[in-house]
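Accompanying notes for the structure given below.
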Amino acid sequence: MNTRRFLAASLVLFSLLTAIMTYPQILHMPDGVHDDGDPLMVTWVLAWVAHQLPRAPAHLFDANIFYPERNTLAYSETLIVPGLIVAPLHWLGVGPILIHNLVFLSGFALSGVGVALLVRRLTGNTGAAMLAGIVFAFPPYRIDHYAHLQLQQTQFIPLALWAFHRLLDTGRLRHGVLLGVFVAGQMLSCMYYGLFLIPYMAVVCGTMLIAARTLPRERIVALLVAGAIVVVAMIPVGRAYLAARGVVGERGRAEVADGSATWRNYLAPPEVNAVYGKVFARFMQPERRLFPGFVAVALAIVGLWPPLNAPRLAYGLGLLLAFDVSLGFNGLLYPALYDYFLPFKALRIPARMGLMVGFSLAVLTGYGAARLAGRLRSEPMRRAVLGALGVLMLVEYASTPLEFWSAPRNPPEIYADLVRDRGDSPTAVLFEFPTGLIADSAYSYYSTFHWQWLVNGYSGFFPPSYVRLVKAVQNFPDEPSIDAIKSHGVRYLVIHGEYLLGDRYKTLIPQLDRRRDLTLVSRRPWQTSSKHAEISVYRMSYGDAR
C-alpha cells in the first residue's frame with residue numbers, strides 16, 4: 001500500500017472510530033457542545049479569526065472582548081491555524097457551533113492518522129501503525145477534556161516527528177521546511193502542546209542526532225531552516241502574548257502546583273469511562289485524569305524490551321521526560337522550566353503533559369505490536385492478533401454515551417435591534433449584565449453574530465480593568481456602578497433576565513426605565529434551553545441622569 005492509499009484508508013478508519021468513540025456527538029453537530037463555558041469561548045475564537053483576518057489582519061489579536069484592552073485574543077489559545085482552515089465555512093454562513101464541532105472531532109481523527117503515518121514510517125507495519133493511532137486518538141484523557149477543543153488539536157505533533165525522521169533519512173530541504181511548518185502549526189493550534197513539544201523534541205530528536213554520530217551539511221541546513229520557520233511564524237504571536245502578559249500577569253507557583261500530577265493520576269480515567277470509571281474513582285482529580293490504558297502500557301513494554309535501537313531509545317527517553325514534566329512541581333524538571341523559560345509561566349496545568357506521555361506510549365505501542373506480529377508465522381494470524389488488540393484498546397477507552405448542552409443556533413433578536421439603532425455610527429461598545437463566567441461566555445458567543453465591542457469577556461486570563469468593573473457593579477444600578485460602566489465608554493447596556501435569579505430582573509427594570517441617561521431600545525423575550533426570560537437593551541447617554 002503506497003502512502004497516499006494508506007493516508008486515505010487511515011483517515012476513513014479514524015473518522016469512523018471518532019464518530020463511535022464520541023457517540024452521540026455525531027447526532028448533535030449543529031448545536032451540541034459539552035457545556036456552556038469553554039466551548040462557547042472557543043467557538044468565538046474560531047469565528048473571530050475568520051472575521052478579522054480579511055478586515056484588519058494587523059489587529060487580529062485586538063479581539064472584541066474586554067474593551068478597551070488590546071491583545072485580548074492572546075489571553076487564551078489563539079487557534080490561528082484551525083481558525084484559518086475553517087474560515088471559508090464561516091464566510092459561507094455555516095453555523096459557528098457546527099464549525100466548532102467539525103474542528104473538535106477533527107482533532108481526534110487527524111491525531112490518529114498522524115501517529116499511524118509516523119509509526120508506519122518507523123516500523124513498516126501497517127497494523128501496528130493503526131494500533132498506535134488508536135492509543136493517541138482515543139485515550140480517556142481526551143474525553144476528560146471534552147470541553148476543551150484546543151486540547152484536541154494535537155495532529156501536528158506526530159507530523160513534526162515524521163518530518164524530522166524524513167529529514168534524517170534524506171537531508172532534503174523540503175523536509176526541513178515541513179518540520180518547521182508542522183512545529184509552528186502545533187504552536188498556532190494549541191500553545192500548551194507547542195511549548196511542551198520543545199523539550200520533548202529536544203530529548204527525542206537530540207538522541208537521534210547523537211546516535212547518527214555524523215550530521216552532513218545538508219541536514220544541518222534543513223534543521224536551521226526548520227528553526228527559522230518556527231521563529232518567524234511565532235514573532236507576531238509572541239509579541240501579542242508578551243503584551244498580554246504585561247496586563248494579566250502570569251500563573252503563580254501555588255496555582256501551577258495545584259495543576260501538577262502525581263503517579264496516582266495515571267490510574268485515573270474520567271468518570272464516564274465505561275470500564276474503569278467506577279473502579280478507579282479514588283484516583284480521580286480534576287484536570288489530572290491521565291490513565292493511558294493497560295493494553296497500551298503492555299505493548300509499550302514489549303516495544304522497549306532490549307535490544308533497543310536508536311528510535312526506541314529516543315521515544316523511551318521522551319516518555320520519561322514527558323512523565324516527569326507532567327508531575328510539575330512534584331517532578332524534577334518543571335521547576336527549572338518555570339523559573340528560566342518565560343512561556344512556561346503562562347501554563348496553569350503541567351499535568352497536561354500527560355498527553356505527550358500518551359504520544360510516547362503510542363509510538364512504543366507501535367514498536368511492541370510490530371515486534372509481536374513479527375513472531376507470528378502467518379498473515380491471517382497477525383491480522384487476527386492485532387485486530388483483537390485494537391478491539392481491547394477501544395473497549396478500555398470507551399465511554400458511556402455522552403450528554404450535551406444545546407447552544408442557541410441564533411442569537412437573541414435584541415442584538416439586531418441594537419445594530420439597527422446604531423445606524424451608520426462606528427462599532428458600538430456594549431456592557432452586558434449580569435457578569436459571571438457562564439454569562440460572559442454566552443455574551444462572547446452572541447458577539448459572533450454582531451461583532452460589537454464588549455466590555456465583558458471570557459478567557460484564560462481576565463484583565464484587572466474588568467475584574468475591577470465586576471466588583472464595581474455588585475450593587476448595580478447604584479451611581480458608582482453606572483459611573484464605572486460609563487468609564488469604559490459604553491454605548492449600550494444589555495440586561496439579561498435569563499441570568500438574573502428570582503425577581504431580580506423584575507425589580508431592576510423599573511429602576512433603569514426611570515433613569516434619564518438610559519433610553520430603552522428593545523425589550524424582547526428570549527427562550528433558552530432551560531427557561532423563558534426577557535432581555536432589555538438601553539442606549540446610554542452621558543448627560544444628567546437625574
Side-chain angles (χ1 to χ4, degrees), residues 111-112 115-116 118-142 157-158 161 165 200 203-204 207-208 211 261-269 273 275-276 279-280 283 289-327 331-333 351 353-377 381-398:
S111 294
V115 164
L118 169 64
V119 171
R120 184 174 183 260
R121 164 68 193 78
L122 294 174
T123 67
N125 188 302
T126 297
M130 296 301 186
L131 288 184
I134 290 173
V135 174
F136 192 53
F138 307 115
Y141 174 91
R142 291 189 185 271
I157 293 172
L161 272 300
H165 286 287
Y200 185 85
V203 169
V204 174
T207 301
M208 294 291 297
T262 67
W263 67 267
R264 291 168 58 89
N265 298 132
Y266 282 91
L267 294 175
N273 183 269
V275 178
Y276 304 116
V279 177
F280 295 129
F283 298 115
R289 300 176 179 93
L290 306 175
F291 176 66
F294 293 122
V295 177
V297 171
L299 285 174
I301 291 173
V302 174
L304 281 172
W305 202 260
L308 293 175
N309 59 12
R312 285 188 290 137
L313 174 62
Y315 285 102
L317 293 175
L319 173 64
L320 293 176
L321 171 97
F323 176 75
D324 179 69
V325 171
S326 75
L327 301 181
L332 300 176
L333 184 60
M353 187 67 168
L355 186 279
M356 298 302 296
V357 173
F359 172 72
S360 304
L361 286 174
V363 176
L364 294 171
T365 291
Y367 275 112
R371 176 177 278 184
L372 182 63
R375 294 180 176 271
L376 301 175
R377 295 181 179 181
M381 183 176 293
R382 284 193 286 269
R383 291 181 178 178
V385 169
L386 294 181
L389 289 171
V391 171
L392 287 176
M393 286 179 181
L394 293 171
V395 169
E396 274 197 314
Y397 295 160

Margin query: Can you confirm whether L389 sits close enough to V295 that some side-chain heavy atom of one is under 4.5 Å from a side-chain heavy atom of the other?
Written below: yes
Looking only at heavy atoms, the pair that brings P269 and R289 closest together is O-CD, 3.6 Å
Review point. Could you walk me through whether M356 and I157 pass the side-chain contact (heavy atoms from CB on, under 4.5 Å) check?
Key: CA-CA 9 Å; M356 298 302 296; I157 293 172; 3.6 Å; yes
Keeping the roles fixed (side chain from R312, backbone from L364), state whether a donor-acceptor pair exists under 3.5 Å.
-> no
Sidechain-backbone polar pair: R371 side chain, L304 backbone, donor-acceptor under 3.5 Å
no
Heavy atoms of L308 and W305 approach each other most closely as CD2-O, 4.2 Å
For L361 and A300 the tightest heavy-atom approach is CD2-CB, 3.6 Å
Step through it carefully: locate the ring centre of Y266, locate the ring centre of F323, and say whether they are under 6.0 Å apart. yes
Could you go through the side-chain contact (heavy atoms from CB on, under 4.5 Å) check for V135 and V115 one step at a time? CA-CA 9 Å; V135 174; V115 164; over 6 Å; no
Note: S360 and G318 closest approach over all heavy atoms is OG-C, 3.7 Å
Inset, instruction - Without swapping roles, check the side chain of R120 against the backbone of A128 for a donor-acceptor pair under 3.5 Å. - result: no
Just do the side chain to side chain donor-acceptor pair (under 3.5 Å) check on T207 and Y315 with the steps written out, would you?
CA-CA 9 Å; T207 301; Y315 285 102; over 6 Å; no
Residues at least two apart in sequence or cross-chain that pass ring-ring contact (aromatic ring centres under 6.0 Å, His included) with F359, listed by chain then number, are F136, Y200
Looking only at heavy atoms, the pair that brings S326 and G354 closest together is CB-N, 3.8 Å
Interatomic distance, CG@L333 vs CG@L320, rounded to 0.5 Å, equals 12.0 Å
Side chain to side chain, N309 and L313, heavy atoms closer than 4.5 Å | no
message = Whether the side chain of E396 engages the backbone of F294 through a donor-acceptor N/O pair (distance < 3.5 Å, no angle test) should be reported.
response = yes
Worksheet entry | side-chain contact (heavy atoms from CB on, under 4.5 Å) between L327 and L332, worked out | CA-CA 8 Å; L327 301 181; L332 300 176; over 6 Å; no
Polar side-chain atom of R382 near backbone of G374 as donor-acceptor pair, under 3.5 Å: no
| task | Could you tell me whether the side chain of M208 reaches within less than 4.5 Å of the side chain of P311, counting heavy atoms only? | result | yes
Rounded to the nearest 0.5 Å, the OG1 atom of T365 sits from the CD1 atom of I301 at a distance of 10.0 Å
- prompt: Do the non-hydrogen side-chain atoms of P292 and V357 ever get within less than 4.5 Å of each other?
  reply: no
Q) Between L355 and R142, is any pair of side-chain heavy atoms under 4.5 Å apart? A) yes
inquiry  = Please check this pair: side chain of D324 against backbone of L321, looking for a donor-acceptor N/O pair closer than 3.5 Å.
reply    = no
One should read off an interatomic distance between H165 NE2 and L118 CG, to the nearest 0.5 angstrom, of 5.5 Å
All heavy atoms of A261 vs all of L290, minimum pair found to be CB-CD1, 3.8 Å
| Between T123 (side chain) and G366 (backbone), is there a donor-acceptor pair under 3.5 Å? | no
In terms of relative ring orientation, are F280 and F283 parallel, tilted or perpendicular, with 30° and 60° separating the classes? tilted
> Is any side-chain heavy atom of L386 closer than 4.5 Å to a side-chain heavy atom of N125?
Replying inline: yes
